[in-house]
Amino acid sequence: MKTVSSFFDLRAARLSLDGTVGLVPTMGYLHEGHLSLVARAKAENQHVIVSIFVNPTQFGANEDLSKYPRDLERDLSLLASLESPGTASQLIVWTPTAEMMYPSGYQTWVEVEALTKGLEGAMRPGHFRGVTTVVAKLFNATQPHKAYFGQKDAQQAAVIRRMVADLNFPLEMVICPTTREADGLAMSSRNKYLSEAERKAATVLFRSLNVAKALYEAGERDGEMLRRKMKEMLASEPLAQMQYVSCADYDTLEELDTVTGKALLSMAVYFGKTRLIDNFVLR
Ligand code: PAF
């Protein structure tokens with residue numbers, strides 16, 4: 001495994017790679033979900049680049065960037081455990097700094113329009129502009145053949161998919177299933193902030209999504225009914241404070257009156273100060 005930080009060293013490392021390259025963009029504090037993306041990228045490419053960068057521009061004024069969990073040493077040892085010794089395949093970890101990414105005078109932004117207005121975008125103004133800008137920079141710097149993202153951040157995946165198509169990035173996006181704890185809670189770096197009681201209560205996201213999915217599988221196609229049933233389940237958990245619940249078109253993310261094609265059930269819920277999101281895709 002090779003760790004590089006500057007654009008210059010990344011470029012040299014990238015130029016030395018012969019064959020296909022998979023990129024796994026992360027903000028570090030890796031968990032099994034990230035590792036499953038790396039494992040998939042390794043299985044599908046000759047080489048893998050993992051970027052670790054807590055991107056300041058995707059944090060809102062009310063979101064504490066300094067409190068975002070970081071543990072580079074642990075991240076590097078987890079990644080090293082995924083290496084395949086004795087093969088020509090390379091694992092490169094890129095750890096740029098904020099000063100390298102956004103040097104003084106920086107003023108170029110990538111913005112996807114309508115898709116970023118609702119759901120997470122409505123709750124976190126400016127968030128997706130930061131995400132698309134940094135991901136475009138990661139793509140340009142690493143020139144991957146494939147890039148791996150988790151389905152857990154469903155709107156992020158939809159927005160980046162749009163950006164890749166609109167800006168003709170010559171790469172394939174691979175969206176990997178959400179990795180879950182045994183009780184269904186989606187893995188997230190934020191779960192560590194939950195108290196014991198909140199951690200137990202947090203399974204209500206998975207339970208609510210399952211209620212709506214079961215109704216859908218039984219033939220229910222009324223979007224409002226699916227949203228209502230998810231809200232009712234969330235309301236039954238005293239520690240859960242719902243921020244939004246959605247049943248939307250998978251690609252446009254517009255709320256649906258009737259589910260006819262591929263759809264996304266999603267929600268954001270607070271447990272104390274910790275905000276969790278989760279979603280299911282209905283096919
Ligand atoms: O999903 C994340 O961890 C981040 O939003 C990403 C894609 C690495 C961009 O900073």
Side-chain angles (χ1 to χ4, degrees), residues 5 7 10 21-38 40-41 48-60 63-72 74-75 78-79 92-102 106 108-112 115-116 119-121 123-142 144 146-164 167 169 171-179 186-193 253 266 268 274-279:
S5 184
F7 276 91
L10 172 74
V21 173
L23 170 69
V24 183
T26 81
M27 298 215 296
Y29 210 73
L30 305 181
H31 51 65
E32 269 180 58
H34 297 111
L35 300 183
S36 73
L37 301 185
V38 179
R40 171 115 179 236
V48 173
I49 302 177
V50 178
S51 60
I52 298 181
F53 177 59
V54 183
N55 174 34
T57 65
Q58 67 189 76
F59 285 77
E63 297 172 350
D64 201 342
L65 166 67
S66 66
K67 287 220 175 97
Y68 194 84
R70 294 161 169 90
D71 191 343
L72 184 59
R74 182 174 153 277
D75 290 346
L78 284 170
L79 290 170
I92 293 173
V93 185
W94 179 32
T95 60
T97 63
E99 292 69 33
M100 289 171 196
M101 280 292 195
Y102 303 106
Y106 188 88
T108 303
W109 302 95
V110 178
E111 194 156 3
V112 173
L115 266 184
T116 61
L119 304 176
E120 289 300 288
M123 302 298 146
R124 306 178 67 189
H127 169 69
F128 285 116
R129 183 175 94 136
V131 170
T132 41
T133 299
V134 80
V135 172
K137 287 168 72 71
L138 298 174
F139 285 170
N140 282 336
T142 59
K146 293 188 180 188
Y148 295 79
F149 296 88
Q151 174 58 36
K152 158 129 185 315
D153 294 302
Q155 187 174 13
Q156 169 172 282
V159 167
I160 298 173
R161 211 166 42 234
R162 187 73 255 165
M163 176 187 81
V164 165
L167 296 185
F169 279 103
L171 58 86
E172 184 189 328
M173 269 188 72
V174 183
I175 310 300
C176 303
T178 303
T179 311
M187 287 196 187
S188 162
S189 308
R190 293 169 188 222
N191 293 351
K192 80 170 209 126
Y193 296 126
L253 301 182
S266 66
T274 308
R275 183 175 183 276
L276 300 182
I277 57 171
D278 201 354
N279 68 83

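Residues take their numbers from the sequence shown, with the count starting at 1. Values below: all heavy atoms of this structure, side chains included; hydrogens, waters and symmetry mates excluded. As the structure lists them, so they are numbered: ligands from 1, and atoms in each ligand from 1.
Considering only non-hydrogen atoms, atom 6 (C) of ligand 1 lies nearest to Gln156 out of Gln156, Lys152, His127.
Ligand 1 places these atoms under 4.0 Å from at least one heavy atom of Val134: 9 (C), 10 (O). When each atom of ligand 1 is checked for a heavy atom of Pro25 under 4.0 Å away, the hits are 8 (C).
Using a 4.0 Å cut-off between heavy atoms, Thr26 contacts ligand 1 through its backbone alone, with no side-chain atom that close.
The shortest distance between side-chain heavy atoms of Pro56 and Tyr102 falls below 4.5 Å.
Protein heavy atom closest to atom 3 (O) of ligand 1, with residue, atom name and distance, is Met27 CG, 3.5 Å.
Polar contact check, Gln58 against ligand 1: a nitrogen or oxygen pair lies under 3.5 Å apart.
Below 30°, between 30° and 60°, or above 60°: for Tyr68 and Phe59 the angle between ring planes is above 60°, a perpendicular geometry.
Thr178 places a side-chain N or O within donor-acceptor distance of the main-chain N or O of Lys152, the cut-off being under 3.5 Å.
Crowding of Glu63 atom CD: a count of heavy atoms from other residues, nucleotides or ligands under 6.0 Å exceeding 12.
Under the 6.0 Å distance and 45° angle rule, Arg74 counts as a cation-pi partner of Tyr29.
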